[in-house]
Amino acid sequence: MPVTALHHFTIRCTPAELPPLLDFYTRVLRLEAGARPEIPAPGAWLYAEDQPIVHLFAHLATADAPPQPPTGHVDHISFRAHGLREMRAHLRALGVPFVEAPIPGWDIHQLFLHDPRGLKIEMTFWLDRGEEPREDAA
C-alpha cells in the first residue's frame, strides 16, 4: 500500500496568531518545537518524538475568517496518546476544557479539546494494549 501513515498537518495563521498556537501545541499537547527548513515566513515545526506532525505556517497578512464549522470539511485531528490519568490532570491544571468520550464496545478512550483557532483535537488512548491502566477509563 503506498500510504502508510499521516505524516503531518499544517495550520496557517498570521504572525500574531503564532505565539498562542505554539503555546497550545507545546504546553498543552507537549509537542516539541524542532528543526524547520528555511521558509520565508515565520512558523514552527512541532514534533512527537522524531516525527514532525504539526506545522505552524504564519504566512497570512491578516487573519482569515474561520469557516463554519471552524475545521471546515475536517471534523477533527486525532493524536495517539499515552497517560490518560496524567493528561486529564494536566489539562485541568491548565484550565483547558475537554470532553471525555469512551467508545462503547471498544477499548478506546478519547479526550476532545480545541486549539486557539478552534480546531478540534482528539487524544486517543488505547486501553487494550497494556498502555493504559483499565481504571483510567473510569
Side-chain angles (χ1 to χ4, degrees):
M1 174 177 219
V3 175
T4 59
L6 176 66
H7 187 267
H8 72 271
F9 66 93
T10 300
I11 299 172
R12 65 178 185 254
C13 62
T14 66
E17 293 170 313
L18 184 58
L21 285 166
L22 186 58
D23 178 66
F24 175 84
Y25 284 97
T26 58
R27 188 170 56 91
V28 176
L29 295 189
R30 297 182 176 157
L31 297 176
E32 295 183 7
R36 180 178 183 253
E38 195 71 30
I39 298 174
W45 279 18
L46 306 174
Y47 290 71
E49 298 176 351
D50 294 329
Q51 176 67 45
I53 59 172
V54 177
H55 296 177
L56 303 177
F57 186 40
H59 71 98
L60 299 176
T62 58
D64 52 357
Q68 291 302 319
T71 55
H73 294 291
V74 175
D75 182 72
H76 65 275
I77 302 295
S78 178
F79 292 103
R80 177 113 183 234
H82 303 282
L84 175 58
R85 179 181 299 153
E86 191 278 330
M87 182 53 72
R88 280 187 192 118
H90 175 68
L91 294 173
R92 287 179 182 131
L94 294 174
V96 175
F98 64 93
V99 173
E100 300 204 34
I103 304 295
W106 289 58
D107 288 328
I108 296 174
H109 197 91
Q110 302 166 319
L111 302 181
F112 286 96
L113 53 149
H114 291 85
D115 82 2
R117 291 206 76 201
L119 180 61
K120 187 191 311 181
I121 301 295
E122 172 188 323
M123 300 184 76
T124 302
F125 299 85
W126 289 82
L127 306 174
D128 65 342
R129 301 197 177 157
E131 298 170 1
E132 303 294 329
R134 304 285 308 159
E135 65 272 10
D136 275 353

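Nothing fancy with the numbering, it's 1 onward along the sequence. All values derive from a computational prediction rather than experimental measurement.
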A.B. asks: Carefully, step by step, assess Trp126 and Arg80 under the rule side-chain contact (heavy atoms from CB on, under 4.5 Å).
C.D. replies: CA-CA 8 Å; Trp126 289 82; Arg80 177 113 183 234; 3.1 Å; yes
A.B. asks: At what distance, to the nearest 0.5 angstrom, does NZ of Lys120 lie from CG of Leu113?
C.D. replies: 11.0 Å
A.B. asks: Tell me the closest heavy-atom pair linking Cys13 and Arg117, and the distance in Å.
C.D. replies: CA-NH1, 4.0 Å
A.B. asks: Looking at CZ of Phe24 and CD1 of Ile11, how far apart are the two atoms once the value is rounded to the nearest 0.5 Å?
C.D. replies: 8.5 Å
A.B. asks: Would you say the rings of His59 and Phe57 are close, in the sense that their centroids are separated by under 6.0 Å?
C.D. replies: yes
A.B. asks: Going hydrophobic residue to hydrophobic residue with side-chain gaps under 4.5 angstrom, can you get from Val54 over to Val28?
C.D. replies: yes
A.B. asks: Less than 4.5 Å apart, side chain to side chain, heavy atoms only: is that true for Phe98 and His114?
C.D. replies: no
A.B. asks: Side-chain contact test, heavy atoms from C-beta onward, threshold under 4.5 Å: evaluate it for Leu111 versus Val99 and give yes or no.
C.D. replies: no
A.B. asks: Report yes if the side chains of Phe9 and Leu119 come closer than 4.5 Å at any heavy-atom pair, otherwise no.
C.D. replies: yes
A.B. asks: Decide side-chain contact (heavy atoms from CB on, under 4.5 Å) for His55 and Arg36; before the verdict, give the C-alpha distance in whole Å, the side-chain angles of both, and the deciding distance to 0.1 Å.
C.D. replies: CA-CA 9 Å; His55 296 177; Arg36 180 178 183 253; over 6 Å; no
A.B. asks: Apply side-chain hydrogen bond (donor to acceptor under 3.5 Å, both in side chains) to Gln51 and list each qualifying residue two or more places apart in sequence or on a separate chain.
C.D. replies: His7
A.B. asks: Checking Arg27 against Leu94 for the side-chain contact (heavy atoms from CB on, under 4.5 Å) test, could you report, in this order, the C-alpha distance in whole Å, the side-chain angles of both residues, the deciding distance, and whether it holds?
C.D. replies: CA-CA 9 Å; Arg27 188 170 56 91; Leu94 294 174; 2.7 Å; yes
A.B. asks: Mind checking the CD1-CG spacing from Ile77 to Leu29? Nearest 0.5 Å is all I need.
C.D. replies: 11.5 Å
A.B. asks: With no hydrogens and no angle check, just 3.5 Å: does a side-chain donor-acceptor pair link Arg30 and His90?
C.D. replies: yes
A.B. asks: Report yes if some heavy atom in the side chain of Met123 is under 4.5 Å from a heavy atom in the side chain of Met87; otherwise report no.
C.D. replies: yes
A.B. asks: How close do Pro52 and Trp45 get, heavy atom to heavy atom, and via which atoms?
C.D. replies: CB-CE3, 4.0 Å
A.B. asks: Indicate the atoms forming the closest heavy-atom contact of Pro15 with Pro42, along with that distance.
C.D. replies: CG-CG, 4.3 Å
A.B. asks: Would you confirm whether the ring centroid of His76 sits within less than 6.0 angstrom of the ring centroid of Phe112?
C.D. replies: yes
A.B. asks: Is a side-chain donor or acceptor of His109 paired with a backbone partner of Leu84 at a separation under 3.5 angstrom?
C.D. replies: no
A.B. asks: To the nearest 0.5 Å, what is the distance between NE2 (His82) and OG1 (Thr124)?
C.D. replies: 11.0 Å
A.B. asks: Heavy-atom distance under 4.5 Å between the side chains of Glu100 and Arg88, does that happen here?
C.D. replies: yes
A.B. asks: Below 30° counts as parallel, above 60° as perpendicular, anything between as tilted: where do the rings of Phe79 and Tyr25 land?
C.D. replies: perpendicular
A.B. asks: Search all heavy atoms of Ala33 against all heavy atoms of Leu46 and return the closest pair with its distance.
C.D. replies: CA-CD2, 3.7 Å
A.B. asks: If you take all heavy atoms of Ala35 and Tyr47, which pair is closest and at what distance?
C.D. replies: O-OH, 2.7 Å
A.B. asks: Kindly give the heavy-atom pair with the smallest separation between Pro97 and Gly95, and that separation in Å.
C.D. replies: CD-O, 3.3 Å
A.B. asks: I'd like to check the side-chain contact (heavy atoms from CB on, under 4.5 Å) partners of Leu60; sequence neighbours left out, ordered by chain and number.
C.D. replies: Arg12, Thr14, Asp64
